[in-house]
Amino acid sequence: MEMNYDNKELHQLEEELHVELLPGTEIMADVGAHHFVKGAGSTVLVPQPTDDPNDPLNWSATWKAACITAAATVTFTQGMGPLALAPMFPALMESFNCSLPDAVQFTGICILVLGFSNFFWVPISTSFGRRPVYIASQLVNFGTSIWRAKAQTYGSFMGACVVNGFGAGPAETLMPAIIADIFFLHDRGKWNTLYWVVYMGSLMVGPIISGSMTENVGWRSFWWLNTAMLGLSFLMVVFMFPETRYHRPHPDEIVAGHHTAKPSDTPSPSSEKPGTKAVENADAPSTEDNAIQHVPTSASTPPNMAGLTLEETAARDPWLGKGSPGKWQWKIFQANAHPFKSILIDLWIPWKLFAFPIVEFASFVTSWSCSSFLTLNLTQSQAFAAPPYNFSSQSIGFMNFAILVGAFIGLFTAGPLSDWVSARATARNNGIREPEMRLPAMIPYIIIMYLGNIVVAVGYQNHWPWEAIVIIGFTCAGIQVAGLPAISSTYAVDSYKPVAGSLFVSITVNKNVWGYGFSRFITEWAEEDGFVAPIMTNASLVLLWCLFGGLFWWKGKVFRRWTKNSSVHKM
């Protein structure tokens with residue numbers, strides 16, 4: 001749960017609703033004497049914002065847009081380089097005198113390192129903030145992009161790929177945590193879909209640009225363009241991305257009878273401390289003109305709260321939609337009272353999460369769905385550069401436009417669909433939202449995924465017209481890779497929001513280890529057995545993991561009950 005009820009209030013709500021309120025279960029409507037801050041359309045805001053103007057949940061739409069735009073550019077620029085190599089393979093083979101499997105390993109090694117690099121980046125982001133991670137990682141990527149442009153040997157280029165994999169890790173983990181920092185639960189579906197479209201879109205746009213530049217101005221020119229884009233993104237982070245990590249009090253931090261928030265681990269100048277105004281004692285006198293008196297709902301309800309209107313509820317947080325970052329949120333990094341302890345905890349949490357069924361489900365769906373896209377990236381040159389097609393690097397790169405179009409279709413459908421499905425199910429459930437309610441939205445994307453893989457596999461094998469393979473198969477790949485990972489990962493974040501960053505480490509490690517293994521063998525496998533065997537094996541595994549969604553829709557709350565007392569809910 002993200003509402004931070006104390007035990008007494010939680011028990012009272014369960015008795016009134018006759019529902020077990022487990023972590024992930026959220027109340028999206030007022031209940032009896034319990035009234036909550038609402039947004040547009042009388043939607044209860046989860047988590048409840050504090051009355052602090054610096055609370056990222058209170059930031060104005062302009063500041064949130066600036067923040068998410070800067071984060072999206074980091075995700076895009078960090079993701080573009082690692083998988084931009086596919087159309088370059090022939091040119092790289094010529095420049096470094098290597099075989100196709102050797103060239104494919106430039107991509108494979110990079111994504112393997114990329115996955116494990118988040119065991120470094122995520123603990124840093126949790127202990128010292130999101131901002132320093134973005135700044136440091138972009139500097140690393142800036143340097144590796146120059147290195148790639150200047151590399152003269154196979155070993156040198158491979159070294160740049162390894163370091164680039166380390167620097168690009170935040171592209172896969174940080175933006176979902178930032179979305180959870182600044183957006184409310186009812187909007188997360190569409191924003192998480194935006195993340196997947198931006199990230200996967202970068203993997204699609206990279207080959208489009210690199211293929212054309214390789215053929216017309218040489219492959220090194222692409223890396224100079226990549227360097228310029230990384231530099232621009234770095235400046236956007238410096239000037240548009242304030243710190244979004246914000247401490248919210250947990251129920252065990254609130255003293256019974258006198259609700260005061262524990263000061264944030266993040267200090268701020270003078271009296272400007274985040275989280276210290278989260279909940280005030282109802283009997284305390286107001287010391288500021290804009291101070292808000294919060295009444296513990298488990299204790300009493302003032303007479304004027306009967307029939308509370310949207311305007312009266314929103315008035316409890318005068319900064320909702322009007323706040324802005326404080327000076328402390330622009331520091332390079334945020335101080336932490338126990339940095340080494342928190343880093344060690346964050347190194348352990350991703351491994352602990354592997355034992356949670358919901359995290360495993362999200363990891364497997366995401367891993368194999370993304371691998372379905374990776375398959376196209378790694379086989380497109382192998383299939384289309386050979387007879388009977390004999391396409392150039394530029395033509396092969398342009399085929400990725402179909403995947404990009406599919407991703408945009410996924411962007412405009414998957415997030416809104418999953419949010420709409422959840423909202424409808426919540427309304428039928430008397431305002432109680434369960435994370436599992438968004439899982440039925442996966443169904444159309446599962447069908448699209450399997451159809452697309454059949455078209456690509458059989459089309460490659462039987463030399464179908466390229467129009468059928470690209471327009472149908474590649475577009476379906478883009479749609480499913482925007483839909484399935486977004487819905488499944490949002491389900492996991494809704495269930496374990498306090499560890500969203502570590503959760504994506506678990507997902508990324510799973511995804512990239514499988515991706516590396518697949519890249520290691522797919523070229524030889526396709527040469528020996530044809531394209532149908534490797535592509536449809538991967539597609540069938542995607543289908544298998546997605547079918548478990550039915551089990552989680554039915555028994556997901558049981559799995560969450562198993563972990564309800566876990567320390568991850570108090571991180």
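Since we're looking at a predicted model, the values are computed, not measured.
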> Will you find, in the side chains of Thr413 and Tyr445, an N or O donor that is under 3.5 Å from an N or O acceptor?
yes

> Is Phe183 close to Pro56 at the side-chain level, that is, under 4.5 Å between some pair of heavy atoms?
no

> Just checking, is any N or O donor in the side chain of Ser127 or Ser342 under 3.5 Å from an acceptor N or O on the other one?
yes

> Within this structure, what is the CD-OG distance for the pair Glu436 and Ser495, rounded to the nearest 0.5 Å?
5.5 Å

> For Phe333, does the CZ atom have more than 12 heavy-atom neighbours from other residues, nucleotides or ligands under 6.0 Å away?
no

> Which atom pair, heavy atoms only, marks the closest approach of Ala482 to Ala414?
O-CB, 4.2 Å

> For residues Phe518 and Trp514, establish whether the separation of their ring centroids is below 6.0 Å.
yes

> Quick one: do the Gln138 and Gln78 side chains pair a donor with an acceptor below 3.5 Å?
yes

> Is it true that Tyr199 and Phe76 have ring centroids separated by less than 6.0 Å?
no

> Indicate the atoms forming the closest heavy-atom contact of Pro350 with Ser506, along with that distance.
O-OG, 2.8 Å

> Between Tyr491 and Phe361, what is the ring plane arrangement, given parallel below 30°, perpendicular above 60°, and tilted in between?
perpendicular

> Quick one: do Glu434 and Lys557 make a salt bridge, cutoff under 4.0 Å?
yes

> Side chains of Tyr496 and Ile349, heavy atoms from C-beta outward: is any pair under 4.5 Å?
no

> Going by heavy atoms in the side chains, are Cys546 and Leu484 under 4.5 Å from each other?
yes

> Can you tell me how far the CZ atom of Phe116 sits from the OH atom of Tyr516, to the nearest 0.5 Å?
11.0 Å

> Determine, step by step, whether Lys190 and Asp419 satisfy the salt bridge (charged side-chain N to carboxylate O under 4.0 Å, His left out) criterion, reporting the C-alpha distance in whole Å, the side-chain angles of both residues, the deciding distance to 0.1 Å, and the verdict.
CA-CA 7 Å; Lys190 67 182 179 184; Asp419 285 338; over 6 Å; no

> Using the side-chain contact (heavy atoms from CB on, under 4.5 Å) rule, take Asn400 and Val205 through it: C-alpha gap first, then chi angles, then the decisive distance, then the call.
CA-CA 7 Å; Asn400 289 277; Val205 170; over 6 Å; no

> So which of Arg130, Arg131, Arg245 actually passes salt bridge (charged side-chain N to carboxylate O under 4.0 Å, His left out) with Asp181?
Arg130

> Tell me if a side-chain donor or acceptor on Thr508 pairs with a main-chain N or O of Val505 at a distance below 3.5 Å.
no

> A side-chain contact here means heavy atoms from C-beta on lying under 4.5 Å apart; do Ile209 and Leu225 qualify?
yes

> Report the C-alpha separation of Asn141 and Thr77 in whole Å, then their side-chain angles, then the decisive distance to 0.1 Å, and conclude whether the side-chain contact (heavy atoms from CB on, under 4.5 Å) test is met.
CA-CA 9 Å; Asn141 288 301; Thr77 55; over 6 Å; no

> Stepwise, does the side-chain contact (heavy atoms from CB on, under 4.5 Å) test hold for Val481 with Met204?
CA-CA 11 Å; Val481 86; Met204 301 164 194; 3.6 Å; yes

> Using a 4.5 Å cut-off on heavy atoms from C-beta on, say whether the side chain of Met80 contacts that of Asn226.
yes

> Under a 4.5 Å cut-off applied to non-hydrogen side-chain atoms, are Thr227 and Trp147 in contact?
no

> Working to the nearest 0.5 angstrom, can you tell me the gap between Thr75 OG1 and Met175 CE?
5.0 Å

> Closer than 3.5 angstrom, by distance alone: can the side chain of Arg560 be matched with the main-chain N or O of Pro23 as a donor-acceptor pair?
yes

> Are there more than 12 heavy atoms of other residues, nucleotides or ligands under 6.0 Å from atom CZ of Phe354?
yes

> Parallel, tilted or perpendicular, judged at 30° and 60°: which one describes the rings of Trp59 and Trp63?
tilted

> Rounded to the nearest 0.5 Å, what's the gap from CD1 on Ile124 to CD1 on Ile343? Could you check?
4.0 Å

> Would the Phe119 and Trp351 ring centres measure less than 6.0 Å apart?
yes

> Ring centroid separation for Phe120 and Phe166, is it under 6.0 angstrom?
yes

> Using the side-chain contact (heavy atoms from CB on, under 4.5 Å) rule, take Asn164 and Arg148 through it: C-alpha gap first, then chi angles, then the decisive distance, then the call.
CA-CA 9 Å; Asn164 180 217; Arg148 289 216 219 197; 2.4 Å; yes

> Would you indicate whether the side-chain heavy atoms of Ser371 and Lys511 approach each other to under 4.5 Å?
no

> Report yes or no: do Tyr246 and Asn54 form a side-chain donor-acceptor pair below 3.5 Å?
no

> Please check: side-chain N/O of Ser418 versus main-chain N/O of Gly415, any donor-acceptor pairing under 3.5 Å?
yes

> Is the Phe142 to Phe234 ring centre distance short of 6.0 Å?
no

> With under 30° as parallel and over 60° as perpendicular, where do the rings of Trp545 and Phe364 fit, or are they tilted in between?
perpendicular

> Once the angle between the rings of Trp196 and Phe504 is folded into 0 to 90°, is it parallel (under 30°), tilted (30 to 60°) or perpendicular (over 60°)?
tilted

> Would you check, one step at a time, whether the test side chain to side chain donor-acceptor pair (under 3.5 Å) holds for Lys352 with Ser567?
CA-CA 11 Å; Lys352 180 177 181 177; Ser567 60; 3.1 Å; yes

> Around Phe548, counting heavy atoms of other residues, nucleotides and ligands shown, do more than 12 lie under 6.0 Å from its CZ?
no

> Are Ser210 and Leu85 packed together at the side-chain level, in the sense that at least one heavy-atom pair is separated by less than 4.5 angstrom?
no

> Supply the atom-to-atom distance Asn512 CG to Cys370 SG, rounded to the nearest 0.5 angstrom.
8.5 Å

> Enter the distance from Ser125:OG to Asn118:CG here, rounded to the nearest 0.5 Å.
8.5 Å

> Given 3.5 Å as the limit, does a donor-acceptor pair link the side chain of Gln329 with the main chain of Gly326, or not?
yes

